[in-house]
Protein chains: 2
Amino acid sequence: MDVLDAIKGRRSIRKYRPDPVPDEVLEKVLEAVRWSPSWANTQCWEVIAIREPEIKAKAAEALPPGNPALSSLRDAPILLVLCAIRNLSGFKRGEAMTDKGDWFMFDIGLAMENLCLAAHSLGLGTVIIGLFDAKKIESLLGVPENLSVVAMTPLGYPQKEASPPKRKELVDFVHLERYRKSEGT
Amino acid sequence: MDVLDAIKGRRSIRKYRPDPVPDEVLEKVLEAVRWSPSWANTQCWEVIAIREPEIKAKAAEALPPGNPALSSLRDAPILLVLCAIRNLSGFKRGEAMTDKGDWFMFDIGLAMENLCLAAHSLGLGTVIIGLFDAKKIESLLGVPENLSVVAMTPLGYPQKEASPPKRKELVDFVHLERYRKSEGT
């Protein structure tokens, strides 16, 4: 699948078919994380791939009740949890190098987008979930103290296509030379 | 270009040819930002596209001396600066919804990866620069108080291919069911 088509065609998928995802397909999705860029090549990501229905069900308890992603976690055959090793990205010799402090959120964002695009190109759906009790997931999955669980996504074959939410136009967010509303690019 | 090939083939490009990037090509790269996913579709991104050599040269002064990206800023015909509107991503009715606080770093990460992959698929190079004095750039470009400059990248045609830095193997960062070193996926 072409890159620009994948970027425009990727949707947040909330309805999944229960069909299993073969190991070699999962591996391709994880390879996309592996090839993500990162701060000074620090590669702060760790990924937990969950297939066991019981663990997925327990993970779902960390989401707010009524979250539309709840059934995704139940139906999709895989749940991918992206964690970050803290104090690596954005740091040099233990010191934060910018006013942003830890850059793990940025780097996990880069990796998550690679993951979602790779999945989409393989016919799989994803939906990025950030709204949950990270402490609960960390305790459930035995994530060590020096890591943070950042975001997760179900991974599976979409039950149906989803329509895209409305986007700003380029003119709404692109500025030429300096910050000011552009008159087109 | 195929998605998985783009993800594996994208490199951080530090040597650029001065050849101009046509407007319609720049627009395709910016469309990739537009189609990024974001927290509750908040789309907190703003992009400043700089072609004026004088502004690019001043922006370069915000980088640490000796940074290998310095000549990239001078040689590449375009500099793209990604900013975030704060207090949007990760928030609901003005309140942070997770232990991460503002999610703008994650969302700008998602958008930046789309940008880099789109550029690569169009034959263009990028290199994500996070290490600079953001306050200096904000002042230079007249970025309003409620926004943060997050990262920037030159955009132009690569002078030569770059080789990839070493990556962890899947077995080094993938865990099955719970956090523990996996024995393969």
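Remember, it's a predicted structure, so these values are computed and weren't measured experimentally. Chain letters run A, B, ... following the sequence lines, proteins first and then strands; every chain starts at 1.
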Most heavy-atom pairs under 4.5 angstrom with chain A, which of [options]?
options	result
B:Ser36, B:Cys83, B:Ser148	B:Ser36
B:Val33, B:Asn114, B:Asp133	B:Asn114
B:Lys56, B:Glu138, B:Glu169	B:Glu169
B:Gly90, B:Ser121, B:Pro164	B:Ser121
B:Cys116, B:Ala6, B:Pro165	B:Pro165
B:Met112, B:Met97, B:Glu31	B:Glu31

Residue [X] versus chain A: region with a heavy atom under 4.5 Å:
X	answer
B:Trp39	side chain
B:Leu122	side chain
B:Leu80	neither
B:Val29	neither
B:Leu79	neither

Heavy-atom pair with the smallest gap, counting every atom of [X] and [Y]:
X	Y	answer
B:Val150	A:Trp103	O-CH2, 3.1 Å
B:Ile128	A:Leu110	CD1-CD2, 3.9 Å
A:Asp2	B:Val3	O-CG2, 3.9 Å
B:Arg34	A:Lys168	NE-O, 2.6 Å
A:Leu4	B:Lys28	CD1-CD, 4.1 Å
A:Arg167	B:Pro37	NH1-N, 4.4 Å

Problem set entry | Steps toward side chain to side chain contact (heavy atoms under 4.5 Å, CB included) verdict (A:Leu170, B:Glu27) | CA-CA 8 Å; A:Leu170 290 191; B:Glu27 211 161 294; 3.4 Å; yes

For this session: Considering only heavy atoms and a distance below 4.5 Å, find which of A:Ala134, A:Gly142, A:Gly130, A:Ala151 pairs most often with chain B.
Result: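 Highest number of pairs under 4.5 Å: A:Gly130.
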
For this session: Specify which of A:Thr98, A:Leu131, A:Leu117 makes the most heavy-atom pairs with chain B at under 4.5 Å.
Result: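 Max contact count across the listed options: A:Leu131.
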
Cluster link [X] to [Y], ILVMFWY, side chain under 4.5 Å:
X	Y	result
B:Leu115	B:Val25	yes
B:Met1	B:Leu124	no
B:Leu63	A:Phe91	no

Please round to the nearest 0.5 Å and tell me the distance separating atom [atom1] of [X] and atom [atom2] of [Y].
X	Y	atom1	atom2	result
A:Lys166	B:Asn41	NZ	CG	10.5 Å
B:Met105	A:Asp107	CE	CG	8.0 Å
B:Trp35	A:Ile7	CH2	CD1	12.0 Å
A:Arg180	B:Ile48	CZ	CD1	10.0 Å
A:Leu141	B:Glu177	CG	CD	9.5 Å
A:Phe132	B:Asp99	CZ	CG	8.5 Å

Exercise. For A:Ile85, is it the side chain, the backbone, both, or neither that has a heavy atom closer than 4.5 Å to a heavy atom of chain B?
Worked result: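 Looking at A:Ile85, just its side chain touches chain B.
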
For this session: Examine whether an atom of A:Lys100 lies under 4.5 Å from a heavy atom of chain B, and if so say whether it belongs to the side chain, the backbone or both; otherwise answer neither.
Result: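 Side chain only.
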
For this session: Please assess A:Glu46 against B:Tyr179 for the test side chain to side chain contact (heavy atoms under 4.5 Å, CB included), listing each intermediate value before the final yes or no.
Result: CA-CA 9 Å; A:Glu46 302 264 347; B:Tyr179 188 93; 3.8 Å; yes

